[in-house]
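Quick notes on the structure that follows.
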Protein chains: 2
Amino acid sequence: MNGSGDGAARRPVTLDDVARAAGVSQPTASRVLNGSSRRVAPSYRERVLTAARELGYTPNLPAQAMARGTSRTIALVISLISDPYFSAMAAEIMKQAEAIGLHVSIAVTERLAERELDLVRELRGQQPRAIILAGTGYVEPPSEQALIDELQRYEETGGRVVLISRSDLPFETVDFDNHEGSRQLARELATLGYRNCLVLGSATPLLSMQQRVEGFVAGLAESGVTNTRVHQPGFSWVGAREYVLGLPDAEARELDLVFAVTDDMALGALAGLRERGLRVPEDVGVAGFDDISTLRDVVPRLTTVHVALNAVAQEAVYRATTTDTDLVRRTVPAYPVVRDSTPRVTTSRRR
Amino acid sequence: MNGSGDGAARRPVTLDDVARAAGVSQPTASRVLNGSSRRVAPSYRERVLTAARELGYTPNLPAQAMARGTSRTIALVISLISDPYFSAMAAEIMKQAEAIGLHVSIAVTERLAERELDLVRELRGQQPRAIILAGTGYVEPPSEQALIDELQRYEETGGRVVLISRSDLPFETVDFDNHEGSRQLARELATLGYRNCLVLGSATPLLSMQQRVEGFVAGLAESGVTNTRVHQPGFSWVGAREYVLGLPDAEARELDLVFAVTDDMALGALAGLRERGLRVPEDVGVAGFDDISTLRDVVPRLTTVHVALNAVAQEAVYRATTTDTDLVRRTVPAYPVVRDSTPRVTTSRRR
DNA sequence: TTGTATGCGTTATCAA
DNA sequence: TTGATAACGCATACAA
C-alpha cells in the first residue's frame, strides 16, 4: 500500500498524519482513537478510523504516557526468571494485569540485594502505575533504608507499591502464610512417624525462608519432636546438595527426613542423598515448599507446601491498581500436600 | 529530607527542578545527567549532581525516548512464560540485553497465533528499538501476511526485527539446527540398538517441531531403521501422555523407544508409559529435545538434544542492535546428549 | 561552555 | 461537537 521505496528509515505514522488524511483536526482524531468521551460525529469518526487503518497507525505509548501523566504499565521486580517459582509468579501477574489492560515490565535482580535499589530507580523512570516487588526480602538487607526512601518517594508522586513475600517493609504486602504452611506440614509428617528431621534453611537471610524454618520446627515441637537440626546451606539446588553430601556419615544415617525451605533445595537434597547411596523415600523422606508445577515428573512425587500463586498474583495486581490508601497486609493460605516422597514410616524402615 | 506532608500525590522531580536547584539552565542539567558530550564546567557539574542526588531525580524514560526519537527497550514476544524453555530463553535474552544497557519488555501470546499480531502492534506502540519474536512460528499461520506487514512497517521506521526458531519469514533469524540435532540423536540411538521407535510430533503445526520430526526420521533411516511411526498429539505434556495412554496394547508392546519433539512432551510420554505399567528405561527408552535444565532431577535422567540458549540469545540481541542491513539467518548448533533414559539395548530387553 | 528556543506525539483546556 | 493552543519532560540546534 505504501508505495515509497524500502530501506531508508521513514517516520512513524502519527496522529497528525491520520488527522490530515481524514481531514479533521488532530484532537478529533485523538478523541476517536484513544479518547474516552467519544462525542464525535459518526461521519468524522468513520473517516478517522479508516485513515488510521490504512496508514497503520499505532499510538505512541510513551507520548501518551507523558501527555496523560500516567502509563498503563506495572513494573515487576523478581529475583530470577529462570527459577520456576518466579516464572510462575510472573506469568500469573502478567495474566492478571493483562486482563485489565495493563502491561507488565519485568526486571530481574539476579538475587543481588544491591541491584534491587538500582532497578527500582530505573523502573521509576518508566513512570509505571505501580511497582510490585516479589520474592526478595532479606532479613538484614544492605541498603534497606535507601530502598524504602526510594519507594516512598515513588508513592508520594502517586505510584503504588506492592510487596510479595516480605512483610517487613511499610508498604502494601501480600504474603503466603509461610509459618502456618510449614507448621501444618510438620505436624502431618510427625503423624506419619518422622522423628529425626534435618531442616535446610537458607544461608541467605530471607525473611520468608526463616518463617518456613520456624514454622516447621514449631510444628514438630508441638508433635513432641524436639531433636530437630536446622542448617543453612546456600539458597539453591546446589547449596542443598552440597550440604547433604558433606554431612557426616553418622548424622546422615540417623536421618529419616529432610525438609528444605523450597522445592528447588529439596530436590538438591534429594540428589545429594541418592549420591550418598541413601534411597528416597525408603531410607529418608524429603519434603519441600512451593509446590512448583513443573516438578510433576520428579520421582518420587514431592511432598511440599502448596501456595496459591494465582491468588497471590490477583491480590497483588488488585492492590497495585486500587486507590485505597489503607495499608493492607493480606496473607494467602499455604497448605501441605503429602505425596510419595514421605510415605508413612514403617518399622521395616532402616533405622 | 523532604519535609512536605505525606498522602497527597506530589509532582515527580524533573530535570527542571534539578536545574533550578543547581542554579543552572535545564539543558546544562541535561548535559550533566544524561548527555554524551559532557563539556560542562566542573563546578556546575558538581552542583547539578548534588542537586539531582538530593532531590532524588530519576529521568523520565518515556520523555527521553520521545525527545531522542528512540528508546532503550527491546520487545520480546514469547509463547508462554511459565514454560521452562521460554523462561530460560527470556532470562538469557534479558541478561544479554541488560549487559548493553537495554531493557526488555516481555509480552506473552499464550500460544494463540492470533494474539501475536495484536501484541506486535501493541509493542510497536512502545517504540522499542527492536522486536524479538521467539518460539512461535506456525507452519500455516492464520494471519501470516498481516504479521509480516506489521513487522515490515515497523522495520521501515527504523525498528529491527529478529526471529528465533522460525526461519520462514523474511526477517533476521536465529535458529537451532533442529533437523541436524535430532538426526544426530537418532543415529546415536540407532547405534545403541533402538529399532522400534515412536515419534511424537506436534498437532499444532510448528515449523521447528516438524524439522525435529523429519531430522529424527531421517537419522533413523540412514541407520537402516525405516519402520518408524510418527504421530502428532497435542503439543504439551498432557497431549503426549494422553496419546501414549491411548495406544493399542499391541503397538505399545512393540515399542522400544519414544522420541518426543520437546522435553516437556517426552516427560508426558514417560508418565503415560509408566501408567501403562511399562518401565522406563528397562522396557522402553524415552528421549526429548531442548535439554531443559530444571529437569535435572527427573529419573531416569533424560536423553535429549541440547541447544545453546545463551548463544541463541546473544546472537539475537546482537542482531537486534546492530545496524547491519543484510538479512542473516544464523543457525546455532544442537547436539544430542545421551543419558539414562536410553541405555544400550540388551538382549535381555523384553522384546 | 552556557542558555534560549524549539520540537518530539499526545492529551487537556478552553473558545468557538 | 470541533478546533486552536498549551502543556508533559527531555534533548538538541543554534545563538550568545
Side-chain angles (χ1 to χ4, degrees), chain A residues 9-48 51-52 55-73 122 124-129 157-158, chain B residues 9-48 51-52 55-73 122 124-129 157-158:
Chain A
R10 231 173 15 188
R11 205 175 47 74
V13 176
T14 70
L15 200 53
D16 220 37
D17 299 328
V18 175
R20 206 163 327 160
V24 301
S25 76
Q26 195 233 35
T28 298
S30 170
R31 289 189 266 258
V32 171
L33 294 171
N34 314 311
S36 46
S37 56
R38 18 113 91 161
R39 294 163 190 161
V40 174
S43 62
Y44 279 28
R45 189 178 165 68
E46 205 51 51
R47 270 155 57 191
V48 170
L55 266 45
Y57 168 74
T58 316
N60 183 321
L61 265 27
Q64 266 188 345
M66 195 166 60
R68 291 207 247 245
T70 171
S71 75
R72 298 200 61 75
T73 298
E122 199 189 305
R124 260 189 71 190
Q126 296 187 26
Q127 314 297 113
R129 176 168 303 201
T157 62
Chain B
R10 232 172 17 188
R11 204 175 48 75
V13 175
T14 72
L15 202 51
D16 221 37
D17 299 327
V18 176
R20 206 162 328 161
V24 302
S25 76
Q26 186 249 23
T28 298
S30 170
R31 290 189 265 259
V32 171
L33 295 171
N34 313 311
S36 45
S37 56
R38 20 110 92 163
R39 295 162 190 163
V40 174
S43 62
Y44 278 30
R45 187 179 165 66
E46 205 50 51
R47 270 156 57 190
V48 170
L55 265 46
Y57 169 73
T58 315
N60 183 321
L61 265 29
Q64 266 188 346
M66 195 166 60
R68 292 207 246 247
T70 170
S71 76
R72 296 199 63 74
T73 299
E122 199 188 306
R124 261 190 71 189
Q126 296 188 29
Q127 315 296 114
R129 177 168 301 202
T157 62

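Naming: A, B, ... by sequence-line order, numbering from 1 per chain.
The side chain of A:Q26 has C:dT11 as its nearest neighbour among C:dT11, C:dT2, D:dG3. In the set D:dC10, D:dT2, C:dG9, the nucleotide with an atom closest to the side chain of B:M66 is C:dG9. Taking the side chain of B:S25 as heavy atoms from C-beta on, and the options C:dT4, D:dC10, C:dG9, the nearest nucleotide is C:dT4. Of all nucleotides listed (D:dA11, C:dG9, D:dG3), C:dG9 comes nearest to the side chain of A:R11.
The side chain of A:N34 contributes an N or O atom lying less than 4.0 Å from OP1 or OP2 of C:dT11. In this model, the phosphate group of D:dC10 is not approached by any side-chain N or O of B:Q64 to a distance below 4.0 Å at OP1 or OP2. Distances shown here put every side-chain N or O of A:S30 at or beyond 4.0 Å from the OP1 or OP2 atom of C:dT10.
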All N/O donor-acceptor pairs, side-chain side in residues 58-67 of chain A, below 3.5 Å, sequence neighbours left out:
{"residue": "A:N60", "atom": "OD1", "partner": "A:A63", "partner atom": "N", "Å": "3.1"}
{"residue": "A:Q64", "atom": "OE1", "partner": "A:R68", "partner atom": "NH2", "Å": "3.1"}

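Going from atom CZ of A:R72 over to atom CD of B:Q126 covers 12.5 Å, rounded to the nearest 0.5 Å. Taking CG of A:L15 as the reference point, atom OH of A:Y57 lies at 4.5 Å (rounded to 0.5 Å). Atom CG of A:D16 sits about 11.5 Å away from atom OG of A:S30, to the nearest 0.5 Å.
Taking the side chain as every heavy atom from C-beta outward, B:R45 and B:T28 never approach each other to under 4.5 Å.
Nearest-nucleotide positions on DNA chain C place B:V24 closer to the 5' end than the other of B:A63 and B:V24. The nearest heavy atom of DNA chain C to B:A67 and to A:P27 marks one nucleotide each, and the one closer to the 5' end goes with B:A67.
Legend: residues meeting side chain to side chain contact (heavy atoms under 4.5 Å, CB included) with A:T73, ordered by chain and number and at least two apart, are A:S71, A:H103, A:S105, A:P128.
Backbone-only contact: B:P59 has heavy atoms under 4.0 Å from sugar-phosphate atoms and none from a base.
Atom CG of B:L61 and atom P of D:dC10 are 10 Å apart (whole Å).
For A:R31 and D:dG3, a side-chain-to-base donor-acceptor distance below 3.5 Å is present, hydrogens and geometry of angles not being considered.
Each end of the helix from C:dG3-D:dC14 to C:dA16-D:dT1 gets its own axis from five base pairs, and the two axes differ in direction by 40°, given to 10 degrees.
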